Each structure stands twice: as structure tokens, then as C-alpha cells.
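Before any comments, here is the structure.
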Amino acid sequence: PFNREDDARVTRTNNASLALNLTGQAEYGISSVDDILASIHANGKDQGVPGGGNFRSRDAELEMNRQSAGLAWHRKRTTTDGVEGKVSAFLISQQQAFKDLSGEIGIASQDNRNRTLGLGANGLTILPVGARQRWTAFAEIRRETFTPQDALFPNPLTAGRRDTAAVVA
């Protein structure tokens, strides 16, 4: 058991955490088979970073914020033509900041702020083929950018961009 002569209890420090999550969605029927859908999502988190193993951290912190928004048109399948489809556009933004000015985690002081931004659109079509089969096609295009910033490093860091497109049938 616990030996008071050579054992001790140690409480981890810098465990503070605050998180906020908000989600909203609205749907509006523009006809008996067509709907417009709008959605937003926001997530924020600010937390201390307790370190790992035997390394304690008193002031390191990690902050993350993520927002997304989307707008979609959805056509429901009907018994007359059997066609179903959805077209949507979206925007995603994420900011992440890590600060460890005392260098308690890793090998040196850090003060990083990174931003990721994504924008895209996609579409889905489902068509009847014969009496019991359906043909499905999906396409998406998107652009993502990454902008890093290091407050302790005077030279700008290299930003990145990724463009993608996909088609599946």
C-alpha cells in the first residue's frame, strides 16, 4: 500500500479546460420534394496542457476554434421519376494556438498560431435504372489552405494549399 516514508502523491498542474460547442440547423421546404438545408457549427476549446510523463507544465496552453457552415439543396426521391439528388457548399475554418513560453514541453519555447481554411462543394445524384436498381454518382471539389505563424520566429513560415476534386459513380 501507501508508504508515507518514501511515497508521495503528486497533483498534476495546468489541467484547466473550457469548451463550448454550438450547433444550429434549419430546413425549409420549397416544394413537396425540394428542401433547402442550412447548418452552422462552432466549437471552441481553451485548455492547459499538463505535460506528459514526469514533465509537468505550469503555463503551457492550447486553444482551438473550429467553425463550419453549409448550405444544401436536397431533392427527395418521388414515385413518379425516382430521381434523388443533393448539392451542397461548405466553408470550414480552424484556428489553433499553442503557447509554451517557458519551454516546459518539447525542447524550446513555442508560440504557434495555425489557421486552416477549407471551401468546397459537392453533389450527389441517384437515378433509377430498370425496375429495381439505381445508379449513383458523387462529385466534390475543395480547396484547403494552411497558414502557420510562429510569434517567436521572425521569418514567415511557408503556407500550404491543397486543391482536390473527386468523382465517383
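We're numbering straight along the sequence, starting at 1. Computation of the quantities below employed the complete heavy-atom set of this structure, encompassing side-chain atoms and omitting hydrogens, waters and symmetry-equivalent molecules. The structure presented is a predicted model; accordingly, all values stated were derived computationally and were not measured.
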Checklist entry - Glu27 versus His74: any side-chain heavy-atom pair under 4.5 Å? => result no

Item to check | Whether Arg142 side chain and Gly118 backbone form a donor-acceptor pair below 3.5 Å | outcome: no

Checklist entry - What distance do Thr158 atom OG1 and Phe146 atom CZ have between them, rounded to the nearest 0.5 Å? => result 10.5 Å

Next on the checklist: For a quick test of reading the model, state the closest non-hydrogen atom pair linking Leu101 to Ser109 and the distance between them.
Outcome noted: O-OG, 2.6 Å

Checklist entry - Could you give the distance from CG (Leu157) to CG (Asn112), rounded to the nearest 0.5 Å? => result 8.0 Å

Item to check | Pairwise distance CG(Leu20) to CG(Asn43) - rounded to 0.5 angstrom | outcome: 8.0 Å

Next on the checklist: Checking side chain to side chain contact (heavy atoms under 4.5 Å, CB included) between Lys45 and each of Gln96, Glu63, Arg66, Met64, which is the one that passes?
Outcome noted: Met64

Next on the checklist: Please give me the minimum heavy-atom distance between Asn21 and Ala42, naming the atom from each residue.
Outcome noted: OD1-O, 3.3 Å

Item to check | In one Ile/Leu/Val/Met/Phe/Trp/Tyr side-chain cluster, 4.5 Å: Leu91, Ile40 | outcome: no

Checklist entry - According to a 4.5 Å side-chain heavy-atom criterion applied to Ile, Leu, Val, Met, Phe, Trp and Tyr, with indirect links allowed, do Tyr28 and Leu71 form part of one hydrophobic cluster? => result yes

Item to check | Atom pair CZ/OG1 of Arg115 and Thr145 - distance to nearest 0.5 Å | outcome: 7.5 Å

Next on the checklist: Quick one, Arg143 and Arg161 - any side-chain contact, counting heavy atoms below 4.5 Å?
Outcome noted: yes

Item to check | Heavy-atom closest contact (Ala60 atom, Glu104 atom, distance) | outcome: N-OE1, 4.0 Å

Checklist entry - Could you walk me through whether Glu61 and Asp46 pass the side chain to side chain contact (heavy atoms under 4.5 Å, CB included) check? => result CA-CA 7 Å; Glu61 63 180 280; Asp46 189 3; 3.8 Å; yes

Checklist entry - Can you find a pair of side-chain heavy atoms, one from Asp59 and one from Asp100, that are under 4.5 Å apart? => result yes

Checklist entry - Testing Lys76, Lys86, Arg75 for salt bridge (charged side-chain N to carboxylate O under 4.0 Å, His left out) with Asp35, which one passes? => result Lys76

Checklist outcome for this item: Closest heavy-atom pair, Ile92 versus Phe90, reported as atoms and distance to 0.1 Å, is CD1-CD1, 4.2 Å

Next on the checklist: Quick check on the hydrophobic clustering: are Leu62 and Leu18 connected, directly or via other members, by side-chain heavy-atom contacts under 4.5 Å?
Outcome noted: no

Checklist outcome for this item: Value for CD (Gln95) from CD (Gln149), rounded to nearest 0.5 Å, stands at 12.0 Å

Next on the checklist: Would you compute the distance between atom CD of Gln67 and atom OG of Ser93 and round it to the nearest 0.5 angstrom?
Outcome noted: 5.0 Å

Checklist entry - What are the two closest non-hydrogen atoms of Pro128 and Asp81, and how far apart are they? => result CG-O, 3.2 Å

